[in-house]
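This report concerns only the one structure given below.
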Amino acid sequence: MKILKKIGLLLLVVFIIAQFFGPEKNDGDVTSVEAFYADTNPPEDVKLILKNTCNDCHSDHTRYPWYDKITPVNYWLAEHVEDGKKHFNISKWNDYSDKKKDHKLDELIEMVEEKEMPLPSYTWTHGDADLSQEQIDAVVSWAKTVRLKYAFLKEPQ
């Protein structure tokens, strides 16, 4: 029994020390998404959906929940954000070619229609991120309309 107490105490000390360390924060400029919104011109309802369900993992600025201060949860969240930005980063929208913009919107449509985005782990921890069918339809309709612009732009003239 003494060995279990020592192991428990050691784990507690390690856990406490770990709280002083954490991953780098994704706290870039919140205005980095403005070019995306200006270029794609989402209606206000869609813009609100994007802000509440997409920006945290798919932009250079994340609004962190209170539990991000707990190690190892903060590492798990950081990995989600890094992975999300790797697939689609609206803060880098102007760096994408028209063809890539069209492709990213096509992926967005597919992921939202199939309810793969937002991730279940995100909707579980963010009550306002669970999209209704009406919200899904609004996002998909907007993205399909925007895709028409890029389809036209990427065609050889």
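Everything numeric in this text was worked out from a predicted model, so none of it was measured.
For the side-chain hydrogen bond (donor to acceptor under 3.5 Å, both in side chains) test, residues two or more places apart in sequence or in another chain that qualify with Asn55 are Tyr37. A search for salt bridge (charged side-chain N to carboxylate O under 4.0 Å, His left out) contacts involving Lys5 returns nothing, not counting sequence neighbours. The side-chain hydrogen bond (donor to acceptor under 3.5 Å, both in side chains) check on Asn41 picks up nothing, with sequence neighbours excluded. For Lys92, the salt bridge (charged side-chain N to carboxylate O under 4.0 Å, His left out) partners at least two apart in sequence or on another chain are Asp60. Here Ile7 pairs with Ile3, Leu11 under the side-chain contact (heavy atoms from CB on, under 4.5 Å) rule; sequence neighbours left out. Taking the side-chain hydrogen bond (donor to acceptor under 3.5 Å, both in side chains) definition, one finds that Asn94 meets it with nothing, sequence neighbours left out. Residues satisfying the side-chain hydrogen bond (donor to acceptor under 3.5 Å, both in side chains) test with Lys6, not counting sequence neighbours, are none.
In this structure, His58 NE2 and Thr53 OG1 are separated by 8.5 Å, a value rounded to the nearest 0.5 Å. Expressed to the nearest 0.5 Å, how far NZ of Lys100 lies from CZ of Phe88 amounts to 10.5 Å. Between His61 atom NE2 and Ile90 atom CD1 the span is 11.5 Å, to the nearest 0.5 Å. Here the NZ-NZ distance, from Lys99 to Lys104, works out to 13.0 Å after rounding to the nearest 0.5 Å. Distance check: Lys85 NZ to Ser91 OG gives 7.0 Å after rounding to the nearest 0.5 Å. One distance of note links CH2 of Trp93 with OG of Ser59; it measures 13.5 Å at 0.5 Å rounding.
The closest donor-acceptor contact from the side chain of Ser141 to the backbone of Ala138 lies at 3.5 Å or more, if one exists at all.
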| task | Go through the steps for Trp142 and Leu50 under the test side chain to side chain contact (heavy atoms under 4.5 Å, CB included), then give the verdict. | result | CA-CA 11 Å; Trp142 158 79; Leu50 295 170; 3.8 Å; yes
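Under the 4.5 Å side-chain heavy-atom criterion for Ile, Leu, Val, Met, Phe, Trp and Tyr, Tyr96 and Phe36 are members of the same hydrophobic cluster. There is a path of hydrophobic side-chain contacts, each under 4.5 Å, that joins Val46 to Tyr150.
Across all non-hydrogen atoms, the minimal contact from Gln135 to Leu131 is OE1-CA, 3.3 Å.
Within a 6.0 Å radius of CD in Gln133, other residues, nucleotides and ligands contribute more than 12 heavy atoms.
With contacts defined as side-chain heavy-atom distances shorter than 4.5 Å, the pair Tyr67/Leu77 qualifies. At a threshold of 4.5 Å between non-hydrogen side-chain atoms, the residues Tyr64 and Asp56 do not count as touching.
Each salt bridge (Lys or Arg N to Asp or Glu O under 4.0 Å) pair with one or both residues in residues 33-49, not counting sequence neighbours, appears once here: Asp39-Lys101, Asp39-Lys149.
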What side-chain donor-acceptor pairs closer than 3.5 Å can you find for residues 105-116, not counting sequence neighbours?
| residue | atom | partner | partner atom | Å |
| --- | --- | --- | --- | --- |
| Asp106 | OD1 | Arg147 | NH1 | 3.2 |
| Glu107 | OE2 | His103 | NE2 | 2.9 |

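A side-chain donor from one of Thr71 and Asn74 sits under 3.5 Å from a side-chain acceptor of the other.
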